[in-house]
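Written out below as structure tokens is the structure these notes cover.
First listed ligand is number 1; within each ligand, the first listed atom is number 1.
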Amino acid sequence: MKTVIIGTNHAGIAAANTLLDNYPDQEIVMIDRNSNLSYLGCGTALWVGRQIDGYEGLFYTNEEEFIHKGARIHMETAVDKIDFNGKKVYATDRDGKEIVEDYDKLILATGSRPIIPNIPGKDLEGLHFLKLFQEGQEVDKDLSRPEVETVAVIGAGYIGVEIAEAARRRGKNVLLFDAESTSLASYYDEEFAKLMDKNLEDNGIELHFGELATAYEGDKRVERLVTDKGSYDVDMVINAIGFTANAALGADDLETFRNGAYLVDNHQQTSNPDVYAVGDCATIYSNALQDTTYIALASNAVRSGIVAGHNIGGTVVDAIGVQGSNGISIFGLDLVSTGLSVKAADKFGIEVLSTEFEDLQKPAFIKENNEMVKIKIVYEKGSRRIVGAQLASRQDMSGTIHMFSLAIQEKLTIDKLKLLDIFFLPHFNQPYNYITVAALKAE
Ligand SMILES: Cc1cc2nc3c(=O)[nH]c(=O)nc-3n(C[C@H](O)[C@H](O)[C@H](O)COP(=O)(O)OP(=O)(O)OC[C@H]3O[C@@H](n4cnc5c(N)ncnc54)[C@H](O)[C@@H]3O)c2cc1C
Ligand SMILES: NC(=O)c1ccc[n+]([C@@H]2O[C@H](COP(=O)([O-])OP(=O)(O)OC[C@H]3O[C@@H](n4cnc5c(N)ncnc54)[C@H](O)[C@@H]3O)[C@@H](O)[C@H]2O)c1
């Protein structure tokens, strides 16, 4: 059987490896318009901010590995059209030559693309987006220019906050804009987001929230950013206002979600049984929402690629849904969240209650490495099932958010959490640790 995979980044790679490593009878063809693959976008802010030596370690595989495994791979080759009835993919390679690949099964792993602010001045120099490795290189080059003193970042979501920190670490004046009233508004309730806002301000980043960019101004290169509240002299602008699904290739032939992403079932199959979609171009099932949604994360891209690979290979594997777990670490402040915030639950019409607590991670007699932890647990009013959790600390709490991710997935109630067996050792935590106390406080 021959499977063609369009898109060879995280989702396409996971699907290809699953097929190549487990199903030797499979003929695999991979196609991507980019010149590189497997780049960890999450590392861009780290190397641009000089927190790691360079970008070399941010690629975890390469073209040769897939050729060695027996795949055929066309890089710098853009798919222009798919004939879903004739089961043929039409592409153009780097030399302008047409490539035609027929398929038995097709995997769409075409990912996402940045949303572009629809405002005047879009053709000026000095305007950046941050999706591809090459765009990270452009941002890094611009930040290296001494005449670039002031940087505007539009969008205080994950990318915007991370790249604002990076530009600040490079000694630039940084203005961070967002339409919402706080940073990270899609992921955290206000009392958590405001911890990040204060952290950003304490490190010299100028916040402009509830402010919408209305124009870029300048001669050849951007010189001013105009918003609905003012005009700011800037030397470069980084746009980070979210991603949209890259689903144009199948939009006329496959069922799509309200945001244009390909609708898939729990085998990653689209409305065409021979066509699968994975990663940022596809929908995903949220166990917190108990509904189909769209969450563009590398963690989801990998898992959906694995599911599609096994189902095409002949092993029935059901996707188990996700919680949208995510985390961010900025100037030493870590925020992690999973499932729904109260604000997100309200937006989706889910009636919730929440319980909060804040305490030292370990007993006060432990003087070293003992930071405050703030926790909020969100649970559904009727069922009392946990639907979300948020944590903030200067200590690593990723293990805790993984536990809450499982709790949401398994529909654990807040009442079951109250007496969960959580070990005590003063080196690690308190006898009554913050999870237990927050749960016990729940009404
Ligand atoms: C700066 C940044 C930081 C991030 N940090 C994190 C993080 O910390 N944690 C996290 O979970 N997620 C993070 N993400 C999100 C994560 O990178 C994406 O969710 C992930 O890349 C999705 O993988 P994908 O393979 O589905 O899509 P993509 O990575 O978008 O890859 C799609 C591929 O398809 C190719 N393609 C598209 N159309 C065509 C066509 N017509 N012909 C040929 N090829 C085509 C593209 O060239 C691309 O290589 C970050 C993203 C960015 C930009
Ligand atoms: N640490 C991580 O897990 C991580 C890191 C980076 C990126 N990502 C993922 O990559 C994807 C893209 O990240 P992103 O930061 O671009 O998207 P995002 O959705 O995280 O943030 C977009 C931000 O832009 C704001 N915005 C939207 N339109 C605006 C406008 N016109 N003017 C001003 N602000 C506006 C939104 O309020 C939001 O805060 C997301 O799915 C994100 O979860 C994850």
In terms of side-chain geometry, is the basic nitrogen of Glu165 or Arg169 positioned less than 4.0 Å from the acidic oxygen of its partner?
yes
Quick one: nearest non-hydrogen protein atom to atom 12 (N) of ligand 1, plus distance?
Ala298 N, 3.1 Å
Which of the atoms of ligand 1 are close to Lys131, meaning less than 4.0 Å from one of its heavy atoms?
28 (P), 29 (O), 30 (O), 53 (C)
Here the atoms of ligand 1 under 4.0 Å from any heavy atom belonging to Leu297 are 10 (C), 11 (O), 12 (N), 19 (O)
Show which atoms of ligand 1 fall inside a sub-4.0 Å distance from at least one heavy-atom site of Ala296.
19 (O)
Close approach, Gly327 and ligand 2, non-hydrogen under 4.0 angstrom
yes
Suppose we measure from atom 24 (O) of ligand 2 to each protein heavy atom; which comes out shortest, and what is that distance?
Ile241 CA, 3.4 Å
If I apply the N/O under 3.5 Å rule, does Phe243 come out as touching ligand 2?
no
Would you mind writing out the side-chain donor-acceptor pairs for residues 144-152 within the sub-3.5 Å range, not counting sequence neighbours?
unit_1: Ser144; atom_1: OG; unit_2: Asp140; atom_2: O; d: 2.8
unit_1: Ser144; atom_1: OG; unit_2: Arg170; atom_2: NH2; d: 2.9
unit_1: Arg145; atom_1: NE; unit_2: Glu147; atom_2: OE2; d: 3.2
unit_1: Arg145; atom_1: NH1; unit_2: Asp142; atom_2: OD1; d: 2.9
unit_1: Arg145; atom_1: NH2; unit_2: Glu147; atom_2: OE2; d: 3.0
unit_1: Thr150; atom_1: OG1; unit_2: Asn173; atom_2: ND2; d: 3.4

Does some non-hydrogen atom of the protein lie less than 4.0 angstrom from atom 14 (N) of ligand 1?
no
Inspect the surroundings of NZ in Lys347 and state if more than 12 heavy atoms from other residues, nucleotides or ligands are less than 6.0 Å away.
no
Among all protein heavy atoms, pick the one closest to atom 41 (N) of ligand 1 and tell me residue, atom and distance.
Val79 O, 3.2 Å
Which ligand 1 atoms, with their elements, are less than 4.0 angstrom from a heavy-atom of Ile159?
1 (C), 2 (C), 52 (C), 53 (C)
Any nitrogen or oxygen of Leu212, main chain or side chain, under 3.5 Å from a nitrogen or oxygen of ligand 2?
no
Heavy atom under 4.0 Å from ligand 1: found in Thr77's side chain, backbone, both, or neither?
backbone
Applying a heavy-atom cut-off of 4.0 Å, say which part of Ala301 lies close to ligand 1: side chain, backbone, both or neither.
side chain
For atom 20 (C) of ligand 1, what is the nearest protein heavy atom, given as residue, atom name and distance?
His10 CD2, 3.6 Å
